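Only one structure is covered here, and it is reproduced in the block below.
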Amino acid sequence: MKRSGKQHGKRTDGLVFIGKIKCANCGGTFSRFVWYSTDKYKIIVLYCYDRYTGKNKRCQTENLREEDIKDLCFKEINSLLVKKDFDVMDEIREVLDTTALKKKYYKLSYELEAISSQIEDVVKRSARTAEHTTDKYDTLVKEYEKKRKESIELSNRIKDMEERLFRAEDFTKELRKLNKPLKKFDDEIFIRLSTI
């Protein structure tokens, strides 16, 4: 039996693309299927899982031959290696720079503290004087919730951009280790590059 590769002592044949290809049509993941498995015409295809299991509307994306995907990945990796064009990190760093977003996030944090303090003052004043300040309280709480939601979204965006930058730097490091173009598709190299 032919093995196509190993990673950390585990076989990788047949699993190299699993979970890595998303359907552009419906967002579903691709699964692997072998046609004519005992035949000389054996073909391995990847298909959108929602094509056959979609509950309301089945995906119309066509099946993809695994060999075609391997060929495309092989060509793309080699084109990067031939061009030696991995010095785009400065541009990537510029696009994924979070400095302005962090300033906005810190400003929002201070605003949240100020609103929280105002809410406390309204509650204390209301308790001392039996004054009904429901309208002021409700307005402040709504403003606080709006800014809190914005703060959470901003924090998630910052984390996402930092993670993407980290992965781009790791991808570039792995690519530099290869030095020369590949002679054929290599499962281990693809897995290393695609898990970054």
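Computed from a prediction, not measured in an experiment: that's the story for all the values here.
Grouping the Ile, Leu, Val, Met, Phe, Trp and Tyr side chains by contacts below 4.5 angstrom, directly or via other members, places Ile152 apart from Leu154. Taken together through direct or relayed side-chain contacts under 4.5 Å among Ile, Leu, Val, Met, Phe, Trp and Tyr, Phe74 and Phe171 form part of one hydrophobic cluster.
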Derivation of the side chain to side chain contact (heavy atoms under 4.5 Å, CB included) call for Leu46 and Asn63: CA-CA 6 Å; Leu46 295 162; Asn63 296 336; over 6 Å; no

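Put simply, the side chain of Leu165 does not reach to within 4.5 Å of the side chain of Met161, judged on heavy atoms. The shortest side-chain heavy-atom distance between Lys184 and Lys70 does not fall under the 4.5 Å cut-off. Contact annotation: the side chain of Ser151 approaches that of Leu112 to within less than 4.5 Å [non-hydrogen atoms, C-beta and beyond].
Shortest non-hydrogen contact noted between Cys23 and Cys26 is SG-N, 3.4 Å. Pairing each heavy atom of Cys48 with each of Gly28, the nearest pair is SG-CA, 4.4 Å.
In this structure, OH on Tyr47 lies 7.0 Å from CZ on Phe33, to the nearest 0.5 angstrom. Considering CD1 of Ile158 and CG of Leu96, their distance stands at 12.5 Å, rounded to 0.5 Å. Here the CG atom belonging to Leu72 is positioned 8.5 Å from the CD1 atom belonging to Ile69, to the nearest 0.5 angstrom. We find the OG1-NZ distance between Thr99 and Lys104 to be 14.5 Å, quoted to the nearest 0.5 Å. With rounding to the nearest 0.5 Å, the separation of CD1 in Ile115 from CG in Leu108 is 9.0 Å. Put simply, NZ on Lys183 and CG on Asn78 are 10.0 Å apart, with the number rounded to the nearest 0.5 Å.
The pair Arg125-Asp121 does not meet the salt-bridge criterion, since no charged nitrogen lies less than 4.0 angstrom from a carboxylate oxygen.
With sequence neighbours left out, Lys42 forms a side-chain contact (heavy atoms from CB on, under 4.5 Å) with Val34, Ile44. Not counting sequence neighbours, the partners of Lys75 by the side chain to side chain donor-acceptor pair (under 3.5 Å) test are Asp71. Ile43 meets the side-chain contact (heavy atoms from CB on, under 4.5 Å) test with Trp35, Val45, Arg65; sequence neighbours excluded. The salt bridge (charged side-chain N to carboxylate O under 4.0 Å, His left out) test applied to Asp97 returns no partner, not counting sequence neighbours. Evaluation of the salt bridge (charged side-chain N to carboxylate O under 4.0 Å, His left out) rule for Lys102 yields Glu162 as partners, not counting sequence neighbours. Partners of Phe185 by ring-ring contact (aromatic ring centres under 6.0 Å, His included), not counting sequence neighbours, listed by chain and number: Phe17, Phe190. Residues satisfying the salt bridge (charged side-chain N to carboxylate O under 4.0 Å, His left out) test with Glu76, not counting sequence neighbours, are none.
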Please list, one pair per line, the donor and acceptor atoms closer than 3.5 Å that link side chains of residues 137-149 to other protein atoms, with sequence neighbours excluded.
unit_1	atom_1	unit_2	atom_2	d
Thr139	OG1	Asp135	O	2.8
Glu145	OE1	Arg148	NH1	3.2
Lys147	NZ	Glu111	OE1	2.9

